[in-house]
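Convention: sequence-line order gives letters A, B, ...; per-chain numbering from 1.
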2 protein chains.
Amino acid sequence: MATGRDVAERAGTSTAVVSYVFNNGPRNVSPATRERVLRAAAELNYRPNALARALSAGKTLSVGLIVPDIANPYFGEVSRALETAATARGRLLLIADSAGSEEQELQQLSSFIERRVDGIVLVSVSDDPQLGFVAEAGIPIVALHPLDLDQPASSLTIDYDHAAEEATQHLVGHGYRTIGLLNGPTDSAGSRQHAAGFTRAILRSPGVQASERRSETSRGDAARVALQWLASGDRPRAIYVATDEQAFGVLYAAAELGLHVPDDVAVVGFDGTAHSRYAVPSLSTVQQPIPELATRAIEVLIAAEDAHVHETLPHRFVARRSCGWHAEVAG
Amino acid sequence: MATGRDVAERAGTSTAVVSYVFNNGPRNVSPATRERVLRAAAELNYRPNALARALSAGKTLSVGLIVPDIANPYFGEVSRALETAATARGRLLLIADSAGSEEQELQQLSSFIERRVDGIVLVSVSDDPQLGFVAEAGIPIVALHPLDLDQPASSLTIDYDHAAEEATQHLVGHGYRTIGLLNGPTDSAGSRQHAAGFTRAILRSPGVQASERRSETSRGDAARVALQWLASGDRPRAIYVATDEQAFGVLYAAAELGLHVPDDVAVVGFDGTAHSRYAVPSLSTVQQPIPELATRAIEVLIAAEDAHVHETLPHRFVARRSCGWHAEVAG
DNA sequence: CTGAAAGCGCTTACAG
DNA sequence: CTGAAAGCGCTTACAG
């Protein structure tokens, strides 16, 4: 491939000028020279080498993202929103999939450090990820989930605890007397908050019975757990599910068992993926502010102040058919 | 951040030796020296700069992927499979989302060229993408969809035409006499093959009536189109849908209208996403060989022979509840 | 407005 | 087994 030197020679100028032209600075170039450079570059099909540029300029203008499963629509939507936000700020987003593996997550963090990304957006598979070595490298991190305050990273989340309480309260309001919680697989900060909010709503409601199960964050495993649960003697009348992805598995299990949602069992999900609206039946859910999370995450990384930021963004409960309403709420 | 020079100084050796240690070659290093280098590196938290390495060594060991919508589960699964395949071959996968925009796709191709990726896996938004400039840059491309043979790129696909015929034939075999095709939005090579196979199966079946609609490749738009179609006087008894994503929209529309799948309307999808199995009801579909496509794509890019490759991989029709079977076929 | 030159942090023949 | 040095392709003070 042609280099800046090739272009400079053909245009009868120096590599410095070629750089000035392609970066619109930091020095001015006369229109005639600029014209010659651009012509030569076009003739040679010149593409500046981004690696050399980054090495020399000391910045890569790129942001890394690590998610546990890019095939999960929620993370897909998050990725898409981050790509939009990053592009709007002139950054390239690099997406990596840790495949639910802590080891792979660590490798990808390393890889991002080695590539000198300007910042990292992380959805960790771990409840308490080791981020010290990233901080030592001087690369800011923002997690899109609750994080211990002593971690060397920022976090942006919604208030899981209150959202869980609100959603559970909504089910109580429908008059359901037995309510289940299908939580995530591990004892993480997130799952504790789901449980805390759920429990608070239950305790406040005399006569309401609670039960809890766990499953992996996948349709398949949620379906497996729900098939047993819903076929058992202590089938709950309503279930609050910690992720949409698991809720889809519950809807599937109910249908397989010939149970009607919401008449036999009501379901509420969490995340507010675009798909939740088109579930059968459409899924009531807690809507995460995905575009806002993405925009703010990129902002935080670009600002990269010394202090870490821990912000809570507003969520929204969206009632649809699956919880018992027979008309979608406005919006 | 510490550099190789810092490590060399602390270890009392040269940067060359540091490089030899971290790359396990190309020269041997005595155990004692290696030990000193590793210790110094650990103390300094040294991370080799991948940009400098790539610039110097002339290879980035990275592969770019561009998909039209990372939030679409099919592309999510493809991304995940490619990440696995790339990692297995020691390459880093960079994922970009063109957001359905031809212009953005071109920018991302440019960005990948500038980053000197070793190869690009492309799912284009365009029927006839302009790839000449990528080929001129010496970067091999493999498309995961049909491509004109005069394009300067390889392609890996299944036989859409026969798969469509087979799926339609399956619906005919159920005895359905009115069969619809819900195709993709544009007149692309893919949509032509869907239509060709569909039509062939219909023409071979006397007395079967066909109809066709189009929608965007999204649940939402497919639902919009299907709501009209299924509520109209000429509602087909069965529908062959060009993507799972659109088929989910059709399932939603049927449920909204109080129609039972498959008793009122049968549905067959296309792609074989993991989600298809857990749809309500579980979705009959044409299974793309996602892991095989991914593995082969990375192989083709790494081999990077002069000749372009155009391969057809085997697909598999999977009958589930949505087409009228009431038991899932083995597998 | 333009050019010669140093430097970014590596890798790799080359010489010893 | 090890080191000095050139080079990868850019950017950017510095000097003119």
Side-chain angles (χ1 to χ4, degrees), chain A residues 1-38 40-41 44-62 110-111 113-118 137-139, chain B residues 1-38 40-41 44-62 110-111 113-118 137-139:
Chain A
M1 280 190 70
T3 68
R5 166 168 299 278
D6 299 329
V7 174
E9 276 176 14
R10 177 176 268 256
T13 182
S14 69
T15 60
V17 167
V18 173
S19 171
Y20 300 153
V21 168
F22 271 81
N23 294 304
N24 287 315
R27 300 280 161 263
N28 279 328
V29 176
S30 74
T33 309
R34 162 180 304 266
E35 190 53 43
R36 288 207 317 281
V37 167
L38 289 176
L44 294 172
N45 192 31
Y46 171 64
R47 306 268 160 176
N49 183 323
L51 283 67
R53 183 202 298 245
L55 179 61
S56 178
K59 55 191 169 194
T60 59
L61 294 181
S62 62
S110 281
S111 171
I113 295 176
E114 288 167 11
R115 286 173 182 263
R116 303 294 193 267
V117 296
D118 299 326
I139 297 180
Chain B
M1 282 190 66
T3 68
R5 166 168 300 277
D6 299 330
V7 174
E9 277 175 13
R10 176 175 269 256
T13 182
S14 68
T15 60
V17 167
V18 173
S19 171
Y20 299 153
V21 169
F22 272 81
N23 294 303
N24 286 314
R27 299 278 161 265
N28 279 328
V29 176
S30 74
T33 309
R34 162 179 305 265
E35 192 52 45
R36 289 207 317 281
V37 167
L38 289 176
L44 294 172
N45 193 29
Y46 171 63
R47 306 268 160 177
N49 183 322
L51 282 67
R53 183 203 297 250
L55 179 61
S56 177
K59 55 191 169 194
T60 60
L61 296 180
S62 62
S110 281
S111 170
I113 295 177
E114 288 167 11
R115 285 172 182 264
R116 303 296 193 264
V117 296
D118 300 326
I139 297 179

[N] OP1/OP2 closer than 4.0 Å to side-chain N/O of [X]:
X	N	answer
B:Ser56	C:dT11	no
A:Arg27	C:dC1	no
A:Asn49	D:dC8	no

Classify the nucleic acid contact of [X] as base, sugar-phosphate or nothing, counting any heavy atom under 4.0 Å across all strands shown.
X	result
A:Gly4	sugar-phosphate
B:Phe22	nothing
B:Asn28	base
A:Ser30	sugar-phosphate

Map A:Val29 and B:Arg47 onto DNA chain C by nearest heavy atom, then report which one ends up closer to the 5' terminus.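 Taking each residue's closest nucleotide, the earlier one in sequence belongs to A:Val29.
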
I want to confirm an ordering. Mapping B:Lys59 and A:Arg36 to their closest nucleotides on DNA chain C, which one lands closer to the 5' end?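 Here A:Arg36 is the residue nearer the 5' end.
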
Quick check: closest heavy atoms across [X] and [Y], and the distance to 0.1 Å?
X	Y	value
B:Pro48	A:Arg116	O-NH1, 3.8 Å
B:Ile113	B:Ile139	CA-CD1, 3.7 Å
A:Val7	A:Val37	CG1-O, 3.8 Å
A:Leu55	B:Leu51	N-CD2, 4.1 Å
B:Ala2	B:Tyr46	O-CD1, 3.4 Å

Which listed nucleotide ([options]) is nearest to the side chain of [X]?
X	options	answer
B:Thr15	D:dA5, D:dT2, C:dG9	D:dA5
A:Thr3	D:dG9, D:dT11, C:dG3	D:dG9
B:Thr33	D:dC1, D:dG9, C:dG3	D:dC1
A:Ala16	C:dA5, D:dA5, D:dT2	C:dA5
B:Tyr20	D:dA13, C:dT12, D:dT11	C:dT12
A:Ala52	D:dG9, C:dT2, D:dA13	D:dG9
A:Leu55	D:dG9, C:dG3, C:dA13	D:dG9

Given Watson-Crick or G-U pairs with both distances under 3.5 Å, what dot-bracket string fits DNA chain D, with | for other-strand pairs and [ ] for crossing? |||.||||||||.|||

Using the P atom in both, what is the distance from C:dG9 to C:dA13, to the nearest Å?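 The answer is 23 Å between these two P atoms.
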
For atom P, what is the distance between C:dA6 and C:dT2, given to the nearest Å?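 Nearest-Å result for C:dA6 against C:dT2 at atom P: 23 Å.
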
Whole-Å distance separating the [atom1] atom of [X] from the [atom2] atom of [N]:
X	N	atom1	atom2	value
B:Arg5	C:dG9	CZ	C1'	10 Å
A:Arg34	C:dC1	CZ	P	10 Å
B:Asn24	C:dT11	CG	P	12 Å
B:Leu51	C:dC10	CG	P	10 Å
B:Glu114	D:dC8	CD	P	20 Å
A:Glu35	C:dC1	CD	C1'	17 Å
A:Arg53	C:dC10	CZ	C1'	20 Å
A:Leu61	C:dC8	CG	P	20 Å

On DNA chain D, nearest-nucleotide positions of B:Ser14 versus A:Ala54: which is more 5'?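 Comparing both residues, the 5'-ward one is B:Ser14.
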
Would a distance-only check, ignoring hydrogens and angles, find a side-chain to backbone donor-acceptor pair under 3.5 Å from B:Thr15 to B:Gly4?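 Looks like no, no N/O pair under 3.5 Å.
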
Taking B:Arg36 for the side chain and B:Ala11 for the main chain, is one N or O donor matched with an acceptor at less than 3.5 Å?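 Yes: the side chain of B:Arg36 pairs with the backbone of B:Ala11.
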
Side-chain contact, heavy-atom cut-off 4.5 Å: A:Asn28 with A:Arg34?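 A:Asn28 vs A:Arg34: side chains apart.
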
Heavy-atom side-chain proximity of B:Thr3 to B:Asn49 below 4.5 angstrom: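 They are not in contact (no side-chain heavy atoms under 4.5 Å apart), so the answer is no.
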
